[in-house]
Amino acid sequence: MSGSNLHTAWARLFLRAAASAGVRDVVVSPGSRSTPLALAAAESREVRCHVIVDERAAGFFALGQARASGRPSMLICTSGTAGAHYFPAIIEASQSFLPLLVVTADRPWELQGAAAPQTIDQIKLFGGHVRAFSELGLPDPSPVALRAVARAAAQAVLRSLAPEPGPVHVNARFRKPLEPVVAGGPEPWEAAWSALMEKGAPVASIPRMEPDPEAIVELVERCARAERGLLVCGPLLPPSGCGGRAGRSFDLKQYQRSIAALARASGFPVLAEATSQARFGASPEITSIAAFDALLRDPAFRARLAPDLIIEIGAPPTSQGYADLVAEQPGCKRVVVAPHGWNDPSSSAHALLFADPADICDAVAARLPAPPRRSPWLDALARADARAWTLVDHELSGDRLSEGIVARLVASGCPEGSILAVGNSSPVRDLDMYCPASPRALRVLHQRGASGIDGLVSGAAGARSVAGGPVTLLLGDLSLLHDLTGLALAREAAAASAPLVIVVVQNDGGRIFERLPIGRSARASGDGVSEALLERCFTTPQSLLFEPAAAMFGLAYERVDTKPALDRALAAAWGRSGATLIEAVVPNSDGAARAERLLKAIAAASREPPPARDAAESPIERTAP
Ligand SMILES: Cc1ncc(C[n+]2csc(CCOP(=O)(O)OP(=O)(O)O)c2C)c(N)n1
Ligand SMILES: [Mg+2]
């Protein structure tokens, strides 16, 4: 094998085996110790190689790819602190059940613990946050070691997908020289290596997760008996909803059909959060109670709702009102359905069903007898929801931008079937509060595993790099500042044909804190936290505008502060290829007060006396004060 050496061959074999086990994208950050791996990735025709300077951004980019594709991307970095920058993305991958294959290059054993440069202890660097760790050791020409390299790559890919998807860490050591050297003739190990390169990785067939038939029977019986059942959909990421089935792509429409089938067969209303994949694309035939968070903030409404069965799908809902409902209704049986994770922070679930939620919905729907007659309880609930949305619409009238208007315009304008990525802090809550259920399907990507405000731009750029269509990101100004180097990755997307549209809600600081108890304490007079302290330690306004940053990274940029201007900017951004940063400037201190006013109005409206003909039948209205 001329022009190369064992290091290069070793790295090529690792890449080849990972590719044949399912890796399609490799994200390389520059460095010397990782030279063999970087070269192998760059020359491979089986993977796409992305080069990203900042390992923190690279980690989130790979995570965004996994969110959109369900496949593990491979990360490659040099030795030293480089790998440590992957940590936040690794934590998020672990908690969101997203596959990721992290390969850190390392120095040989003789340089450890002896003050050699760029040398740290990389063994189990990410502790318990990875599903598996393996130490590849130094390249070794023996046939059994060469076979084991291919096996180790296949194992790493497998462990990133099953039994629980998540991050896997491989530490690979190399001794200098790191670059390919011209060999005088064929290497003795070349024939064995060539055969392995031809063969690829051993095929690992991942077990399919099937719902437990007994649990299905029990759930069918519960549904049939329930008079006031709820189908509650919490955050769900498309790939992690697939019950650990590698390579099975998430079929959004099919998932939404399964939810609708269960809702129809059971007669239960659907309380779907914006991140659940069940709100945008909801079937018009089902009763969607999308204003449930606002409605459930009212204790009187919670008491009137009094569900007797809750089927909860996905990760725990973000809604505080819903958490309060669960806490106040200990008698109500709650069954949690999700493929992975113990999704019960209140430790009060009656049962947890580990399976693909779509499979559970289909199985239960198919076994239920004829759908029940629509109950007055359900009618009353639907009316309360409709009244809430009338109030939300009223709140969003007028031309001046607010957080709510930005969320509404973005969600309602996103091209049908496209990806909407949403940042933590207020944007994810605004999407819930201001955007009703609609039959227009959207894939909503989110970062609810550890709810960080970090890496959101990089993640959206990663999703864009594997998605066939447009990606829109809605995030806050501090979140954008946190991931400013992510804009460099957005520029990479500029070369691609489909648009990446980044909408930053510019409210000058972390205004979420004004909606939290600490903010209410500052607003109340007396000896609470002072406004100045709230601003200094929590809201932290930066008085920055992002136009120069967009210019630096070569992105199209628009600053808007009215509804028509945002509408125009969005239409233009979705219509052009490449990346656009839209800075939507909203008044910086009335968001919390507006949200509070709206919630009060919704609570008051939900108590309005019902029309007389329903009053005698409807439990939800009958008990209204
Ligand atoms: C990595 C990380 N650091 C800090 C936080 C705590 N945090 C939550 S929201 C927030 C402020 C976000 O501000 P911005 O992005 O402007 O959104 P807004 O609150 O204005 O909607 C902070 C600092 C976090 N969740 N993640
Ligand atoms: Mg902000």
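Counting starts at 1 for both ligands and their atoms, following the listed order.
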Asker: How about Arg67 and Gln447: do any of their side-chain heavy atoms sit closer than 4.5 Å?
Answerer: yes
Asker: Is there a side-chain contact between Arg279 and Leu431, using heavy atoms and a 4.5 Å cut-off?
Answerer: no
Asker: For atom 15 (O) of ligand 1, find the nearest protein heavy atom and state the residue, atom name and distance (0.1 Å precision).
Answerer: Ser479 OG, 2.6 Å
Asker: Is it the case that over 12 heavy atoms from other parts of the model lie below 6.0 angstrom from the CZ atom of Arg536?
Answerer: no
Asker: Would Asp477 and Gln542 count as having a side-chain donor-acceptor pair, cut-off 3.5 Å?
Answerer: no
Asker: Report the nearest protein non-hydrogen atom to atom 12 (C) of ligand 1: residue, atom name, distance rounded to 0.1 Å.
Answerer: Ser425 OG, 3.4 Å
Asker: With the Mg ion (ligand 2) as the point of reference, which N/O/S atom of Asp477 is the closest?
Answerer: OD1
Asker: Does any non-hydrogen side-chain atom of Ser94 lie less than 4.5 Å from one of Val130?
Answerer: no
Asker: Tell me: protein heavy atom nearest atom 20 (O) of ligand 1, and distance?
Answerer: Gly509 O, 2.8 Å
Asker: Under 4.0 Å from ligand 1, counting heavy atoms only, is it the side chain of Ser451, its backbone, both or neither?
Answerer: backbone
Asker: Within the 4.5 Å heavy-atom criterion, are Arg511 and Asn588 side-chain neighbours or not?
Answerer: yes
Asker: Are any of the side-chain heavy atoms of Ile518 and Phe538 separated by less than 4.5 Å?
Answerer: yes
Asker: What I want to know is whether Ile512 and ligand 1 share at least one N or O pair that is separated by under 3.5 angstrom.
Answerer: yes
Asker: Name the closest protein heavy atom to atom 22 (C) of ligand 1, giving the residue it belongs to and the distance to 0.1 Å.
Answerer: Phe513 CZ, 3.7 Å
Asker: Backbone or side chain, does Gly510 get an N/O/S atom under 2.8 Å to the Mg ion (ligand 2)?
Answerer: no
Asker: Verify, without hydrogens or angle tests, whether Arg408 (side chain) and Tyr434 (backbone) share a donor-acceptor contact under 3.5 angstrom.
Answerer: yes
Asker: Which residue owns the protein heavy atom closest to atom 13 (O) of ligand 1, what's the atom, and how far is it?
Answerer: Gly510 CA, 3.2 Å
Asker: Can you check whether Leu325 reaches Phe301 side chain to side chain, under 4.5 Å on heavy atoms?
Answerer: no
Asker: Are any of the N or O atoms of Asp477 closer than 3.5 Å to those of ligand 1?
Answerer: yes
Asker: Quick test: of every protein heavy atom, which one is nearest to atom 26 (N) of ligand 1, and how far off is it to 0.1 Å?
Answerer: Ile453 N, 3.1 Å
Asker: Any side-chain heavy atom of Glu535 within less than 4.5 Å of one from Pro541?
Answerer: yes
Asker: Hey, are Thr104 and Asn171 close enough side-chain-wise for a donor-acceptor pair under 3.5 Å?
Answerer: yes
Asker: Within Asn507, is some N, O or S atom less than 2.8 Å away from the Mg ion (ligand 2)?
Answerer: yes
Asker: Mind checking whether Leu478 contacts ligand 1 via backbone (N, CA, C, O), side chain (CB onward), both or neither, at a 4.0 Å heavy-atom cut-off?
Answerer: both
Asker: Is the shortest distance from a heavy atom of Pro427 to ligand 1 less than 4.0 Å?
Answerer: yes
Asker: Could you list the atoms of ligand 1 found under 4.0 angstrom from a heavy atom of Ser426?
Answerer: 18 (P), 19 (O), 21 (O)
Asker: Would you mind listing which atoms of ligand 1 come within a distance below 4.0 Å of any non-hydrogen atom of Gly452?
Answerer: 25 (N), 26 (N)
Asker: Are any of the N/O atoms on Asn507, whether in the backbone or the side chain, positioned under 3.5 angstrom from an N/O atom of ligand 1?
Answerer: yes
